[in-house]
Engineer: 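Here you go, one structure.
Side chains included, hydrogens not; waters and symmetry mates left out as well; all remaining heavy atoms used. Remember, it's 1-based here, ligands and their atoms both numbered in the order they're listed. All residue numbers in this chain count up from 1 along the given sequence. Note that this is a predicted model, so its numbers are computed, not measured.
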Amino acid sequence: MGSETETGAETGVVVRDSSTEEDWKSKPPYRTTPGNEPFDKKWTAHCHCGRVKYWLSRDKPLAAKFCHCVDCQALHGAPFQWAAIFEKQDLHFEKGAEGLAFYHAPDKTTAHRLPCKVSCAYCRSPIMDEGRNMVLMFPGIIKFGDAERRKLFDAQCHIFYSQRVVDMHDGKPKWSKLDGQSELMKEVERTDSGEHIVVGQARNENKND
Ligand SMILES: [Zn+2]
Ligand SMILES: [Zn+2]
């Protein structure tokens, strides 16, 4: 493992933004200062090894979706990914940015550069995708207690369904790419003879779901 060359070096451009380099650690969702005192802990989550722990202050996500894109397949080692959207201030990490690893996919660097994927630096459990204003949590590590409570995090739709490796028959809207900005796809089932038959219409063509 030793030394690693950052891919950004390929371009010959070295970005050093010293003014904001450490700034982000003192802002949500990473700040650990007493400024957090009114934080209302509605949900608790911790990574597989337990080194990363966080709380959520909102009852349920603003939205939740399943993403079938090839990047999620590669980075999650799974056929698709389940993400729940929160605002950064809804989230509080027990140890701030400590123990977290970052990955900025566009230039394949491990710097904290937005948008980035955040995982436990030790066990590598995926924690969230951090965007500029919002985060997409991966709810697999939230302690729901029971299936009824987990329903609050149910996904409303599938995105990047055109890149799927598995067909879903759950009646939820299936967008070819981003939701609201791409084609809605129909549910298709394969018969024993290998034919494809349409078993349902994408549901929310009137977007009034
Ligand atoms: Zn861990
Ligand atoms: Zn994806």
Side-chain angles (χ1 to χ4, degrees), residues 1 7 25 29-32 41 43-56 61-88 91-144 153-170 172-185 187-188 202 204:
M1 284 284 211
T7 325
K25 291 185 182 172
Y30 302 109
R31 63 173 180 188
T32 52
K41 295 170 180 171
W43 298 99
T44 302
H46 62 72
C47 66
H48 192 270
C49 77
R51 284 171 171 79
V52 174
K53 184 176 184 183
Y54 72 75
W55 298 278
L56 292 168
L62 301 166
K65 17 191 121 162
F66 293 125
C67 183
H68 295 255
C69 83
V70 290
D71 284 339
C72 286
Q73 289 171 29
L75 290 162
H76 289 256
F80 58 92
Q81 174 252 84
W82 174 29
I85 302 171
F86 285 88
E87 296 196 59
K88 291 192 181 185
L91 178 61
H92 179 43
F93 283 95
E94 181 183 40
K95 298 175 189 163
E98 192 191 318
L100 295 172
F102 305 97
Y103 182 67
H104 180 63
D107 57 9
K108 301 190 173 81
T109 59
T110 53
H112 179 264
R113 194 171 298 158
L114 300 178
C116 68
K117 298 200 81 79
V118 182
S119 59
C120 168
Y122 188 83
C123 73
R124 301 289 161 176
S125 298
I127 307 288
M128 64 179 178
D129 281 343
E130 184 187 2
R132 295 192 185 285
N133 304 306
M134 314 293 261
V135 296
L136 284 80
M137 311 294 318
F138 306 130
I141 61 167
I142 296 173
K143 303 298 154 202
F144 289 112
F153 284 65
D154 270 356
Q156 289 87 38
C157 66
H158 297 265
I159 60 172
F160 290 92
Y161 195 65
S162 57
Q163 300 174 17
R164 72 192 179 283
V165 295
V166 58
D167 289 340
M168 312 297 294
H169 306 294
D170 57 7
K172 291 178 179 175
K174 295 168 178 69
W175 299 90
S176 61
K177 292 180 180 165
L178 284 173
D179 47 318
Q181 300 171 39
S182 63
E183 297 292 312
L184 273 166
M185 299 177 69
E187 281 191 14
V188 170
N204 75 336

Engineer: So Lys25 and Glu98, salt bridge (charged side-chain N to carboxylate O under 4.0 Å, His left out) or not? Walk me through it.
Structural biologist: CA-CA 9 Å; Lys25 291 185 182 172; Glu98 192 191 318; over 6 Å; no
Engineer: Look at the side chain of Ser125 and the backbone N and O of His48, then say whether any donor-acceptor pair between them is shorter than 3.5 Å.
Structural biologist: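 Yes, the answer is positive, given that a donor and an acceptor are paired below the 3.5 Å cut-off.
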Engineer: Rounding to 10°, state the angle centred on the Zn ion (ligand 2) that links SG in Cys67 with SG in Cys69.
Structural biologist: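 Rounding to the nearest 10 degrees gives 120°.
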Engineer: Hey, which protein N/O/S atoms does the Zn ion (ligand 1) have under 2.8 Å?
Structural biologist: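 Listed by chain and number, the atoms are Cys47 SG, Cys49 SG, Cys120 SG, Cys123 SG.
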Engineer: Do any of the N, O or S atoms of His68 sit under 2.8 Å from the Zn ion (ligand 2)?
Structural biologist: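 Not a single backbone or side-chain N, O or S atom of His68 is under 2.8 Å from the Zn ion (ligand 2).
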Engineer: With a 3.5 Å cut-off and no angle check, do the side chains of Glu94 and His46 form a donor-acceptor pair?
Structural biologist: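 Glu94 vs His46: no donor-acceptor pair found between side chains.
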Engineer: Between the main-chain N or O of Leu114 and the side-chain N or O of Arg132, is there a donor-acceptor pair closer than 3.5 Å?
Structural biologist: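 Yes, because the side chain of Arg132 sits within donor-acceptor range (under 3.5 Å) of the backbone of Leu114.
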Engineer: What about the rings of Phe86 and Trp43, do their centers lie closer together than 6.0 Å?
Structural biologist: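 No, they do not, as the ring centres are separated by 6.0 Å or more.
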Engineer: Please say whether more than 12 non-hydrogen atoms of neighbouring residues, nucleotides or ligands are located less than 6.0 Å from CD in Glu183.
Structural biologist: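 Check fails, neighbour count at 12 or below.
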Engineer: Please determine which of Lys174, Lys65, Gln156 meets the side chain to side chain donor-acceptor pair (under 3.5 Å) test together with Asp179.
Structural biologist: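 Considering Lys174, Lys65, Gln156, a side chain to side chain donor-acceptor pair (under 3.5 Å) with Asp179 is found only for Lys65.
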